Amino acid sequence: MTWSEAEYLEYLESEQRAFAWVMRRYGGLTPAKAWEEALECYPYEPAGHPCRGLVFHDEAWHWAMLTIHGDWYVVEHPELVGPPAEYEALR
């Protein structure tokens, strides 16, 4: 996908915020630790980076659930397969 730098940054920041929210709400992290985790999961990748934005192929909800509950979260916590309305309102 091609996007301008502004579009990329807007989407990156949106995913970082969503990931941090999930990590606070469902992972019990402090705001500072949640933001740290979000920046680690969604680092800035410069234009021309071969995998720039690859993490966007799944939304922040999925990556956060994997971080909190592991690969089997969809089986062990079927209630968490899809995000709640409160999460969707962030988007």
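What you see is a predicted model; the values in this text were computed from it and never measured. We're numbering straight along the sequence, starting at 1.
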(request) Check whether L12 and W3 end up in the same hydrophobic cluster, where Ile, Leu, Val, Met, Phe, Trp and Tyr are linked by side-chain heavy atoms less than 4.5 Å apart. (result) yes

(request) Could you pull out all residues at least two apart from H57 that satisfy ring-ring contact (aromatic ring centres under 6.0 Å, His included)? (result) W63

(request) Report yes if the side chains of R24 and P31 come closer than 4.5 Å at any heavy-atom pair, otherwise no. (result) yes

(message) Taking the side chain as everything from C-beta on, heavy atoms only, tell me whether E15 gets closer than 4.5 Å to V55.
(response) no

(request) Please report the C-alpha distance between E5 and R52 in whole Å, then the side-chain angles of each, then the deciding distance to 0.1 Å, and finally whether the salt bridge (charged side-chain N to carboxylate O under 4.0 Å, His left out) criterion is met. (result) CA-CA 11 Å; E5 184 68 8; R52 186 181 199 194; 2.6 Å; yes

(message) Which label fits Y8 and F56: parallel for a plane angle under 30°, tilted from 30 to 60°, or perpendicular past 60°?
(response) tilted

(message) Tell me whether the count of non-hydrogen atoms from other residues, nucleotides or ligands lying under 6.0 Å of CD in E88 goes above 12.
(response) yes

(message) If you define the side chain from C-beta out and look only at heavy atoms, does anything of D58 sit under 4.5 Å from L66?
(response) no

(message) I need the minimum non-hydrogen distance between A18 and A60, along with the two atoms involved.
(response) CB-CB, 3.8 Å

(message) Looking at E79, is its backbone amide N or carbonyl O close enough to the side chain of H77 to form a donor-acceptor pair, meaning the two atoms are under 3.5 Å apart?
(response) no

(request) Say whether M65 and V81 are linked into one hydrophobic cluster, either directly or through other cluster members, by side-chain heavy-atom distances under 4.5 angstrom. (result) yes

(request) Quick one: list whatever passes side chain to side chain donor-acceptor pair (under 3.5 Å) with E59, sequence neighbours left out. (result) Y87

(message) Donor-acceptor pair, distance only, cut-off 3.5 Å: does the side chain of E13 make one with the backbone of E10?
(response) no

(request) Would you check if the side chain of Q16 reaches a backbone N or O of Y42 as a donor-acceptor pair within less than 3.5 Å? (result) yes

(request) Determine, using the 4.5 Å side-chain heavy-atom cutoff (strictly less than), whether W35 and L29 are members of one ILVMFWY cluster. (result) no

(message) Please confirm whether the ring centroid of Y26 lies under 6.0 Å from the ring centroid of W61.
(response) yes

(request) Side-chain contact test, heavy atoms from C-beta onward, threshold under 4.5 Å: evaluate it for L80 versus H69 and give yes or no. (result) yes

(request) Kindly indicate whether the side chain of E36, heavy atoms from C-beta on, has any atom under 4.5 Å from the side chain of K33. (result) yes

(request) Consider only side-chain heavy atoms of I, L, V, M, F, W and Y, link residues closer than 4.5 Å, and tell whether M23 and L90 are in one cluster. (result) yes

(request) Apply side chain to side chain contact (heavy atoms under 4.5 Å, CB included) to P78 and list each qualifying residue two or more places apart in sequence or on a separate chain. (result) none

(request) Look at the side-chain heavy atoms of Ile, Leu, Val, Met, Phe, Trp and Tyr, link any pair under 4.5 Å apart, and say whether L54 and F19 land in one connected group. (result) no

